[in-house]
Amino acid sequence: MDILERLNPEQAEAVQQTEGPVLILAGAGSGKTRVLTHRIAWLISEKGVDPWQIMAITFTNKAAQEMRERVNKIVDFGAESVWVSTFHSACVRILRRYIDRIGFDTNFTIYDTEDSKSVMKEVIRKLNLDPKLYKERNILSKISSAKNEMISPDEFERNAVRWEEKNVAACYHEYQARLRQNNALDFDDLLVKTVELFQNDEQVLSYYQDRLRYLMVDEYQDTNTVQFAFIRLLSARYRNLCVVGDDDQSIYKFRGANIRNILGFEKVFPDAKVIKLEQNYRSTGSILNAANEVIANNVGRKVKRLWTKNGEGGKIRFKKFQNGFEEAEFVASDIREKHSREGLDYSAFAILYRTNAQSRLFEEKFMMANIPYKIVGGVNFYSRKEIKDILAYLKTVDNAQDDLAVQRIINVPKRGIGASSIGKVEAYAAEQEIAFYTALMEAENVPGLGRTASKIGAFTLYIQSLRSQKDYLSVRELTEKIIEDTAYVKDLEAEDTDESRARIDNINELISKIADYEEKADEPSLSGFLQEVALVADIDFVDDQEDYVLLMTLHSAKGLEFEHVYMAGMEDGLFPSYLTLTADDRDELEEERRLCYVGITRAKQTLTMTSAMMRMVRGETQYNKVSRFVREIPRELVDLGRDEETRRELRGSRNPMGGFLNFGGDADGFGSSSGSYERRQKAYGNDAGYGGYGGGRKTYGSGRSNAFSPRAFTVKKADKLEYTVGDRVRHVKFGVGEVTDIVEGGKDYEVTVDFENYGIKRMFASFAKLKKV
DNA sequence: TACTGGATTATTTTT
DNA sequence: TAATCCAGTA
């Protein structure tokens, strides 16, 4: 009976409640993963359920992988037969087997957001809509919501009243037609088509219903309508559906998450057993209390209050800064200090923020402070230009119908096939109703191509030769061959910039990813690799074993925990965002508050919140008040440190309603410190540090360039510099200037240069790569 | 056809 | 601020 040994009574009950519908309302840090994994173990060893009949669904691959590992640990054998996967990959697996039954080819490609955008752009052009009025992004998001709600193009059209919506309906129709033509599915289609398959093919549905007798869904609060339809259909026969979630952590409404799925679960399943987990094992008392107080301001929620046996712990630190630079500087130096003084691992820290754009400042400071870090989010590794180019070659070899991939690479590297020629081939393809690639093969029949026809011939010949080799080359060999033949890396080497070097690094990383895949996959194949790649999220790259500080949005942090958490940018207008503050819908603000709740409850030991009075947003300076969420935390739980300014401000504006923080009196958000801002400005030079520090270092992409090798940030200090004070040096971006000062620090030289066109900049020698002239 | 520079515009969050 | 788009030129 040792499966139940380390569980509290509620957890044990949840584990043993194996039959029928079960709703587990699991507060943050209440051990829901433990419950799920133990439940699987219980099913197998106590109830004698065949592991093959159990399915657990998560949202990210990382969560799936984690669950898999934990199940492996407690289940003696058969653990690998439990189907643990994300919604999307489960659907892909089902569709690869049966999608031909609803008229698709089983070797379909999966389009990412960027691919969808390109398709939509063509759709808008084709339908002669004004691109100023109809933005791909908007239309796609409308289509996406429709798909989430399982609304077909026809139904969408029927519902359309306004002329504008009818146009969107037309786009929806045309967009689907094109995906179909390219034998492609977008993200939402994976779910929609699976449900469609289930609804149209009794045999397939029956097969899965019979096989998957025990279904578990993690992060249930974030499921949308199609996902619900999916699990409902799957579980309809045996009705052993166990969902785990926390309505207070529902943060994906904008992406179609339907909170009614969790709030109304008992309506759909009246016999559902509901179990609440309210004991928190993660955070200190102060952190938990702060979280409870903040979330209590929401109206539409199931009331619960987390408690813990953990100690009170320290107070929550709140610090206010002049601007984002100081904020980032504080966080960086605070972490560095704790690392060196208290010997804490870097991986004990995480910085959470509202928008990805905020990561830049932290990245700069971390780089300067030589702190290993990793940014999650922003541009996905597989969305990088160079990676997408190479993948497009692989896709072209793999799936002749994927027009998008072919068009991407037809002129990469330059083959003298320009836009107008491509247009002619496209027109020909449309007229003949054949795929773009097929049209390329018949280039000599395309009118008006002239000499370009032979260039196209050379291209298709090359692709054909790759195709003829794909069966006896490994994916890795094929990829290396493409890189070699196209001189992709060679061209980048010739470019010889920081950016091109970062791209080469990424390509090498891709090759090792492929090697990895071929090593661990049961039956490695080109299609298999491309499919795996299509479904990875950035968070999946996080390696818990590596020692680095994690920087990510609050959204990405869901499901994670850290000893020490910094929540940055706690400002009204940023978090909660300006849009939600001005929205009439109160619900929007509540969702932001839930996001805040998620952030606070990530912290185990300490929580630090920071804000900046002045922040650069889109090249414009904003003055923000301290976030209302900070003010919702009881005064006695907050430590303001010795910051005189904040104290003074506080003293002047103590909230008469009780001991709560109140920064509301500070109408211009500027406090008493406008003077010191001017001082700062001078100190930083006129562009306030943007690009000033760090100099010519290119943080190509969104800083993920070193995603797989965080130690690459550890720059070696040069033994000696080739220039000294008074020398004239050249900088990649700032041009020529005179060295006015060199300060030797422990890890690097800090060089001050007076540039002819950019003024005085301070930078670290190892990053700036200055050359004496 | 390929490249450049100026104008334009975007920001919430991403499986 | 930074990425993207488009028009004009070589």
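Here is how names work: the chains are called A, B, and so on, in the same order as the sequence lines, proteins then strands, and each is numbered from 1. Because only heavy atoms are used, hydrogens play no part in the values below, and waters and symmetry mates are left out as well, while side chains stay in. Since we're looking at a predicted model, the values are computed, not measured.
When A:Arg408, A:Arg384, A:Arg503, A:Lys395 are each tested for a salt bridge (Lys or Arg N to Asp or Glu O under 4.0 Å) with A:Asp389, only one passes: A:Arg408.
With both ends at atom P, the span from C:dT4 to B:dT13 equals 15 Å, rounded to whole Å.
Of the listed nucleotides (B:dT9, B:dC3, B:dA10), B:dT9 has the atom at the smallest distance from the side chain of A:Lys132. When distances are taken from the side chain of A:Lys135 to each of B:dA10, B:dT12, B:dT1, the shortest belongs to B:dA10. In the set B:dT13, B:dT1, C:dC5, the nucleotide with an atom closest to the side chain of A:Lys121 is C:dC5. For A:Lys414, counting side-chain heavy atoms from C-beta on, the closest listed nucleotide (B:dC3, B:dT13, B:dT11) is B:dC3. Residue A:Phe254 has its side chain nearest to B:dT14 when only B:dT14, B:dC3, B:dT1 are considered. For A:Asn356, taking side-chain heavy atoms from C-beta onward, the closest of the listed nucleotides B:dA2, B:dT13, B:dT1 is B:dT13. Here B:dT14 is the nucleotide among C:dT1, B:dA2, B:dT14 with the atom lying nearest to any side-chain atom of A:His555.
Look at A:Tyr252 and the base of B:dT14; the rings do not stack under the cut-offs of 5.5 Å between centres and 30° between planes.
OP1 or OP2 of B:dT11 has at least one side-chain nitrogen or oxygen of A:Arg137 nearer than 4.0 Å. Between A:Thr113 and the phosphate of B:dT14, there is no side-chain N or O to OP1/OP2 separation shorter than 4.0 Å. The side chain of A:Thr580 places no N or O atom within less than 4.0 Å of a non-bridging phosphate oxygen (OP1 or OP2) of B:dT12. Between A:Ser577 and B:dT11, a side-chain N or O to OP1/OP2 separation shorter than 4.0 Å is absent. Contact between the side-chain N/O atoms of A:Arg360 and the OP1/OP2 oxygens of C:dA2 is found at a separation under 4.0 Å.
A:Asn411 comes within contact range of the sugar-phosphate backbone alone, with a heavy-atom separation under 4.0 Å but no base atom that close. In this structure, A:Glu620 reaches neither bases nor backbone, as no heavy-atom distance under 4.0 Å exists between it and the strands shown. Across all strands, A:Thr86 comes closer than 4.0 Å to no nucleic acid atom at all (heavy-atom distances).
A:Phe325 does not carry A:Arg615 over the face of its six-membered ring by the limits of under 6.0 Å from the centre and within 45° of the normal. Stacking of A:Arg255 on the aromatic ring of A:Tyr252 is recorded, both the 6.0 Å distance cut-off and the 45° axial limit being met.
For A:Arg618 against C:dT1, a side-chain-to-base donor-acceptor contact under 3.5 Å is absent.
Contact record, A:Lys374 with A:Phe541: NZ-O, 3.1 Å, taken as the closest heavy-atom pair.
For A:Tyr578, the OH atom is loosely surrounded, since the number of other residues' heavy atoms within 6.0 Å does not exceed 12.
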